[in-house]
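Working notes for the structure below.
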Amino acid sequence: QVQLVESGGGLVQAGDSLRLSCAGSGRDFSSLVMAWFRQAPGKDREFVAAITKNGRSTYYGDSAKGRFIVSRDNAKNTWFLQIDSLKPEDTAVYYCAAAVTVYYEAYYGRLDEYDYWGRGTRVTVSS
């Protein structure tokens, strides 16, 4: 059974940094595209970042450019999202996701490209 489990969320203050982790099990994730999405209260789920299978290319949503860094450790079936200078508007549930294939660069941000999803980890940023 394939599972993705996020961790690292919590209550933090504006300006703090946070590192989210996602651990995969049930298959080899080194052959999958990995991504992070988030969903703020009352809003749609939005794309945060994605990283290609070999980790050489990364993609970021508009709201994530500059303060977010996505990375992966294929040997451990784990990938990460570093968030610096957190803002209250970063408050959301953060989800990791994995895709067997994303054919086009423009599709990395599409929810329906992803085959596996975690249950999310909540990040709350106080001002």
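Contact annotation: the side chain of Phe80 never approaches that of Ile69 to less than 4.5 Å [non-hydrogen atoms, C-beta and beyond].
In this structure, the separation between CZ on Arg122 and CD on Gln39 is 10.0 Å, given to the nearest 0.5 Å. The distance from the CG atom of Leu4 to the OH atom of Tyr95 is 13.0 Å, given to the nearest 0.5 Å. Here the CG-CE distance, from Asn74 to Met34, works out to 8.5 Å after rounding to the nearest 0.5 Å. Note that OG1 of Thr121 and CG of Leu18 are 8.0 Å apart. Values are rounded to the nearest 0.5 Å. Leu86 contributes atom CG, which lies 6.5 Å from atom OG of Ser17 (distance to the nearest 0.5 angstrom). Rounding to the nearest 0.5 Å places CG of Leu32 at 11.0 Å from OH of Tyr114.
Applying the salt bridge (charged side-chain N to carboxylate O under 4.0 Å, His left out) test to residues at least two apart or on different chains, the pairs with a partner in residues 47-62 are Asp62-Lys65. For the disulfide (SG to SG under 2.5 Å) condition, the pairs that include at least one residue of residues 31-107, sequence neighbours left out, are Cys22-Cys96. Here salt bridge (charged side-chain N to carboxylate O under 4.0 Å, His left out) pairs that include residues 78-102, with residues two or more places apart or in two chains, are Arg38-Asp90, Arg67-Asp90. Sorted by first and then second residue, the salt bridge (charged side-chain N to carboxylate O under 4.0 Å, His left out) pairs with a member in residues 105-114 read Arg110-Asp112; sequence neighbours excluded. Applying the salt bridge (charged side-chain N to carboxylate O under 4.0 Å, His left out) test to residues at least two apart or on different chains, none of the pairs has a partner in residues 15-32.
A donor-acceptor contact shorter than 3.5 Å is absent between the side chain of Thr78 and the backbone of Ala23. Panel note: side chain Ser127, backbone Pro88; no donor-acceptor pair is recorded below 3.5 Å. For the pair Glu6 (side chain) and Arg119 (backbone), a donor-acceptor distance under 3.5 Å is present. Judged purely by atom type and a 3.5 angstrom limit, Asn77 uses its side chain to pair as donor or acceptor with the backbone of Phe29.
Ring-centre distance between Trp36 and Phe68: not below the 6.0 Å cut-off.
Residue Leu11 is not grouped with residue Ile83 when hydrophobic side chains (ILVMFWY) are merged at heavy-atom distances under 4.5 angstrom, including chains of intermediate members. A single hydrophobic cluster is seen to contain both Leu111 and Tyr59, as judged by linkage of ILVMFWY side chains at heavy-atom distances under 4.5 Å, directly or through other members. Taken together through direct or relayed side-chain contacts under 4.5 Å among Ile, Leu, Val, Met, Phe, Trp and Tyr, Ile51 and Trp117 form parts of separate hydrophobic clusters. Following chains of ILVMFWY side-chain contacts shorter than 4.5 Å, one can reach Tyr103 starting from Val33, so the two form part of one hydrophobic cluster. One hydrophobic cluster holds both Trp79 and Tyr60 under the rule that ILVMFWY side chains link at heavy-atom gaps under 4.5 Å.
Qualifying ring pair (Phe, Tyr, Trp, His ring centres under 6.0 Å) partners for Phe47, counting only residues two or more places apart in sequence or in other chains: Phe37.
A pairwise comparison of heavy atoms in Gly9 and Leu20 identifies N-CD2, 3.6 Å as the closest pair.
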